[in-house]
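All values below were derived from every heavy atom in this structure, side-chain atoms included, with hydrogens, water molecules and symmetry-related copies excluded. Predicted model, so just to flag it, every value in this text is computed and none were measured.
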Amino acid sequence: MMEQHEITWTQRDYDCAQAVLARVADLEVQLPILTDEALVALDGLNRDQMTALPWLDEHIEQKELACNVALRSLLTSGAAFPLVTGEDMQPSGLAANEEITGIMALRRTGERIVTAELQKDTGPVWFYGYIHGHVVLEELVDAAGAHTFMLAARSDFPARVMELANAAKLESADGEAITFALDDFEQHAGPVLDGALGVTSITGVSLDEATFANYTLYSKPDHLVSLTSRVDGESVYVDLTCVAAATAHDAIAELVEKGLQ
């Protein structure tokens, strides 16, 4: 792995990030849509990315070329520009416009990051939430590698995750859990999960490892099934439970809020 330099945040980064968050109440706000290669070009070719890069992953041998082309496009459009310092007026780095600068900073500095990955027949979709106080920067990534950015109030974010996980707006009732020992799960859980139209895996992470949480939701033709795990002594168990949409929403809300003030 190539060496990665630590990011040094500037006052401009902070100001741009705050300006983006301040637009959460603007119902007509339209943040930029960036591609895999544009994000990598802006963030640094050798810097590890926290999000899925589906298009670049399929064209990994052309990564450097694709990112250079994306960078040329960003420069031509004025979305990015060279930083010029010193008397010789030689470029010393790359900067972006205020909106993109704010987004790039917010992606790296969330108090908590929530990831929802939906797997379905038409291809995967990834949904990220970067929590900053009472505002969430959302990043929706499709299978073509387009990253769409949006803003939401933190209180509304669990419902936004449910829009992805329960697109059909199923309204099933809560049921009793069916429990499997972890070692038996793959062999015996099939009948409960057969026919699922999609599965959404949701995780929440913060700097405090104790706040890690995950929750999985299966969407079947007429009901929702949650998957949770628990430890009892030295044994690990998996519970599959038919859940109401409201119950799933509350579980996601608990995951989002874990460890936050």
Side-chain angles (χ1 to χ4, degrees), residues 1-21 23 29-110 113-119 122-130 132 136-151 164 203 205:
M1 180 181 296
M2 300 188 70
E3 181 180 357
Q4 299 188 57
H5 298 290
E6 183 178 349
I7 299 175
T8 301
W9 301 111
T10 67
Q11 186 64 43
R12 181 174 183 269
D13 293 324
Y14 174 82
D15 291 343
C16 291
Q18 292 303 307
V20 170
L21 295 177
R23 299 178 67 189
V29 62
Q30 291 186 333
L31 298 179
I33 298 174
L34 299 172
T35 61
D36 285 356
E37 57 272 30
L39 275 173
V40 172
L42 289 164
D43 219 11
L45 192 64
N46 300 315
R47 191 175 302 283
D48 287 341
Q49 292 295 315
M50 302 173 293
T51 62
L53 301 170
W55 189 87
L56 271 185
D57 287 345
E58 291 185 1
H59 302 85
I60 194 66
E61 71 285 351
Q62 298 174 311
K63 176 181 177 180
E64 185 171 358
L65 174 61
C67 292
N68 284 336
V69 171
L71 180 57
R72 285 172 59 89
S73 178
L74 290 166
L75 290 167
T76 301
S77 68
F81 51 89
L83 284 175
V84 178
T85 57
E87 295 181 358
D88 57 3
M89 299 299 288
Q90 292 298 312
S92 61
L94 181 71
N97 64 30
E98 287 82 359
E99 218 170 32
I100 291 177
T101 297
I103 287 170
M104 299 303 288
L106 292 170
R107 293 174 79 241
R108 292 281 183 184
T109 57
I113 299 174
V114 175
T115 301
E117 180 178 345
L118 169 63
Q119 295 288 341
T122 55
V125 179
W126 299 265
F127 189 47
Y128 302 89
Y130 310 96
H132 295 265
V136 180
L137 174 71
E138 301 174 340
E139 180 176 352
L140 181 68
V141 186
D142 64 24
H147 299 243
T148 301
F149 295 94
M150 300 160 286
L151 293 169
L164 179 76
T203 59
V205 295

If you round to the nearest 0.5 Å, how far is [atom2] of [Y] from [atom1] of [X]?
X: Glu138; Y: Leu151; atom1: CD; atom2: CG; value: 7.5 Å
X: Leu74; Y: Leu42; atom1: CG; atom2: CG; value: 5.0 Å
X: Gln62; Y: Cys67; atom1: CD; atom2: SG; value: 11.0 Å
X: Leu39; Y: His147; atom1: CG; atom2: NE2; value: 5.0 Å
X: Asp13; Y: Thr8; atom1: CG; atom2: OG1; value: 9.5 Å

Minimum-distance pair of heavy atoms, taken over all atoms of [X] and [Y]:
X: Trp126; Y: Glu117; value: NE1-CD, 3.3 Å
X: Arg107; Y: Phe149; value: CD-CE2, 3.8 Å
X: Phe127; Y: Met150; value: CE1-CE, 4.1 Å
X: Asp142; Y: Ala146; value: OD1-N, 3.0 Å
X: Trp55; Y: Ala66; value: CZ3-CB, 3.8 Å
X: Leu45; Y: Lys63; value: O-NZ, 3.2 Å

Within the 4.5 Å heavy-atom criterion, are [X] and [Y] side-chain neighbours or not?
X: Arg23; Y: Glu99; answer: yes
X: Glu37; Y: Asn68; answer: no
X: Arg108; Y: Met50; answer: yes
X: Leu75; Y: Pro82; answer: yes
X: Ile100; Y: Leu34; answer: yes

Neighbour count >12 (heavy atoms, 6.0 Å) for atom [atom1], [X]:
X: Phe81; atom1: CZ; value: yes
X: Gln30; atom1: CD; value: no
X: Arg72; atom1: CZ; value: no
X: Glu64; atom1: CD; value: no

Query - Residue from Leu137, Val114, Leu140, Thr51 passing side-chain contact (heavy atoms from CB on, under 4.5 Å) with Tyr128 - result: Thr51

Query raised in the report: Which residue, Thr101, Val136, Leu21, forms the side-chain contact (heavy atoms from CB on, under 4.5 Å) with Leu106?
Result: Leu21

